[in-house]
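I have placed the structure first, in the form of structure tokens, so that the comments after it can refer back to it.
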Amino acid sequence: MDVQLSPQILDDMTHSLQAALAKNGIINILQLAEEIRRRNEVENIALEDVAAKLMLKAQLFNAAMEFDSEADISPLAK
């Protein structure tokens, strides 16, 4: 099922993806998806839905991706 994300989340996703790619050269899908989800908590979107859409966007940029679930994405890490 394709979940429709708001234009705000999609815009946030694009900008976050571009910034992460410029900074690191690789996208940690799970970490970045969690950051985006937290910034947009009011929309109540599942992490898996954000990660799936983020992965599709990353493919459009031909970005190298990693799926590190061990990355520190705790609220205290920010």
Side-chain angles (χ1 to χ4, degrees):
M1 182 170 89
D2 187 31
V3 174
Q4 296 297 317
L5 301 178
S6 73
Q8 178 183 347
I9 290 179
L10 294 173
D11 189 48
D12 185 2
M13 200 176 285
T14 300
H15 287 93
S16 298
L17 179 68
Q18 290 173 329
L21 193 56
K23 180 180 178 183
N24 305 319
I26 189 167
I27 306 302
N28 185 327
I29 296 293
L30 297 177
Q31 182 177 19
L32 191 56
E34 179 63 12
E35 292 172 9
I36 293 166
R37 187 195 65 77
R38 286 186 181 170
R39 283 194 299 267
N40 297 280
E41 277 185 321
V42 70
E43 304 224 16
N44 197 27
I45 302 294
L47 175 62
E48 294 80 9
D49 294 330
V50 176
K53 189 66 85 170
L54 185 61
M55 187 173 61
L56 292 173
K57 280 189 170 282
Q59 288 175 337
L60 294 175
F61 285 91
N62 289 325
M65 293 178 260
E66 66 177 339
F67 301 88
D68 186 5
S69 62
E70 299 296 318
D72 187 5
I73 55 176
S74 68
L76 300 176
K78 300 202 183 310

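The basis for the numbers below is simple: all heavy atoms, side chains too, and nothing from hydrogens, waters or symmetry mates.
- Taking each heavy atom of A51 and L30 in turn, the nearest pair found is CB-CD2, 4.4 Å.
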Inset, instruction - Applying side chain to side chain contact (heavy atoms under 4.5 Å, CB included), run through I29 and E66 and close with a yes or a no. - result: CA-CA 6 Å; I29 296 293; E66 66 177 339; over 6 Å; no

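- Here side chain to side chain donor-acceptor pair (under 3.5 Å) pairs that include residues 15-25, with residues two or more places apart or in two chains, are D11-H15, D12-S16, S16-R39.
- Here N40 contributes atom CG and L5 contributes atom CG; the two are 9.5 Å apart, rounded to the nearest 0.5 Å.
- In this structure, the side chains of N28 and I26 stay at 4.5 Å or more apart for every pair of heavy atoms.
- The CD1 atom of I36 lies 11.0 Å from the CD atom of Q31; values are rounded to the nearest 0.5 Å.
- A salt bridge links E34 to R37: at least one charged side-chain nitrogen sits closer than 4.0 Å to a carboxylate oxygen.
- With rounding to the nearest 0.5 angstrom, the CD atom of E35 is 10.0 Å from the CG atom of L54.
- How far OG1 of T14 is from NZ of K57: 3.0 Å, rounded to the nearest 0.5 Å.
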Inset, instruction - Apply side chain to side chain contact (heavy atoms under 4.5 Å, CB included) to the pair L10 and K53, showing each step before the final yes or no. - result: CA-CA 9 Å; L10 294 173; K53 189 66 85 170; 4.0 Å; yes

Inset, instruction - Report the C-alpha separation of I45 and I9 in whole Å, then their side-chain angles, then the decisive distance to 0.1 Å, and conclude whether the side chain to side chain contact (heavy atoms under 4.5 Å, CB included) test is met. - result: CA-CA 10 Å; I45 302 294; I9 290 179; 3.8 Å; yes

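- Between A20 and L32, the shortest heavy-atom distance links the atoms CB-CD2, 4.2 Å.
- Across all non-hydrogen atoms, the minimal contact from G25 to A64 is O-CB, 4.1 Å.
- Between the CG atom of L21 and the CD1 atom of I27 there is a distance of 4.5 Å, given to the nearest 0.5 Å.
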